[in-house]
Amino acid sequence: ACSALKEAYRRILVGGRPQVRVVYLKAAKELIRQRLAERVHRYMPSTLLDSQFATLEEPAEALVVEVLTTPDAAVAQIRELCERVHDTHVKQLLLAVLDDPSIAGELPRAPAAKAVHHAYRGGLAEHLLSSMRLANRVADHYPMADRDLVVAGALLHDIGKVRELTNGHGIEYTDEGRLVGHLVIA
């Protein structure tokens, strides 16, 4: 819940259940202000940002995901995570996807959605990196899971969005995106 700014709220949400974890997306206020300004369909006006930061009690026990300042840095870290994959065939697949000219040129600029999450230029790279980091955490928690496949799924689940959504001013679905969708495009 994105409005769980106070520790007391988070305690209620977690409810003493050890399997429920808080994920804290940590970013500088100015970066969040910039991202809010870039969004066409906002759920929170940027005028509330100062009060949100004033209210925030940073969680002591949470999975912390740092929000990067540049999409290029996110893509570089995605590549690093792919390089750590042990299965040779899975690693080759992931690197081939990242090196595909139709993906490599668009990934740093592509939004992850039209609205709701990461709906801004460069949001897809940030979303995929966050998903891959969380996939590694899931694999830590469930050692019986195949880490390489979980990480691969985190990268590949939305990679088709580079062709599903436009990345100009305002985010719209492409014809291909409307007709086929990102899951099939991938």
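Residue numbers run from 1 in the order of the sequence given. When reading the values below, keep in mind they use all heavy atoms of this one structure, side chains included, and skip hydrogens, waters and symmetry mates.
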- Message: I'd like to know if the side chain of Glu57 and the backbone of Glu7 have a donor-acceptor N/O pair within less than 3.5 Å.
- Response: yes
- Task: Would you mind reporting whether Val97 and Leu93 have side-chain heavy atoms less than 4.5 Å apart?
- Result: yes
- Taking C-beta and beyond as the side chain, do Lys26 and Glu58 meet within less than 4.5 Å on heavy atoms? yes
- Query: Taking Ser131 for the side chain and His127 for the main chain, is one N or O donor matched with an acceptor at less than 3.5 Å?
  - Reply: yes
- Item | Hphob cluster co-occupancy, Leu31 + Val23, side-chain heavy atoms under 4.5 angstrom | yes
- Point-to-point distance, once rounded to the nearest 0.5 Å, from CG of Leu98 to CG of Leu94: 7.0 Å
- Message: A side-chain contact here means heavy atoms from C-beta on lying under 4.5 Å apart; do Arg147 and His86 qualify?
- Response: no
- Can Val150 and Tyr142 be said to form a side-chain contact (heavy atoms from CB on, under 4.5 Å), step by step? CA-CA 11 Å; Val150 175; Tyr142 296 101; over 6 Å; no
- Message: Any non-hydrogen side-chain atom of Lys6 less than 4.5 Å from a side-chain atom of Thr55?
- Response: yes
- Item | Connected via hydrophobic side-chain network under 4.5 Å: Leu25 and Leu63 | yes
- Task: Look up atom CG in Leu13 and atom CZ in Arg21, then write down how far apart they are to the nearest 0.5 Å.
- Result: 14.5 Å
- Task: Find the distance between CG (Leu156) and CE (Met132) and round it off to the nearest 0.5 Å.
- Result: 8.5 Å
- How long is the gap from CD1 on Ile78 to CD on Glu80, to the nearest 0.5 Å? 10.5 Å
- Item | Short N-O contact, Lys29 and Asp50, less than 4.0 angstrom | yes
- Minimum side-chain heavy-atom gap Gln77-Leu81 below 4.5 Å: no
- Item | Any donor-acceptor pair under 3.5 Å from Arg10 side chain to Leu5 backbone | yes
- Query: Short question: side chain of Arg17, backbone of Val14 - any donor-acceptor pair under 3.5 Å?
  - Reply: yes
- Are Val151 and Leu149 connected in the hydrophobic side-chain network, where two residues link if heavy atoms are under 4.5 Å apart? yes
- Task: Give the minimum heavy-atom separation between Gly122 and Pro71, together with the two atoms involved.
- Result: CA-CG, 3.7 Å
- With sequence neighbours left out, the residues meeting side chain to side chain contact (heavy atoms under 4.5 Å, CB included) with Ala62 are Val22, Tyr24, Pro59
- Item | Min side-chain heavy-atom separation Leu95-Glu83 under 4.5 Å | yes
- Message: Please check this pair: side chain of Asp87 against backbone of Val90, looking for a donor-acceptor N/O pair closer than 3.5 Å.
- Response: yes
- Quick one: are Leu128 and Leu107 in side-chain contact, heavy atoms under 4.5 Å? yes
- Task: Considering only NZ, NE, NH1 and NH2 on the basic side and carboxylate oxygens on the acidic side, decide whether Arg109 and Asp72 come within less than 4.0 Å.
- Result: no
- Got Val75 and Glu126 here, is their nearest side-chain heavy-atom distance under 4.5 Å? no
- Note on the structure: Gln19 meets the side-chain hydrogen bond (donor to acceptor under 3.5 Å, both in side chains) criterion, sequence neighbours left out, with none
- Inter-residue atom distance Asp148.CG - Arg84.CZ, 0.5 Å rounding: 12.5 Å
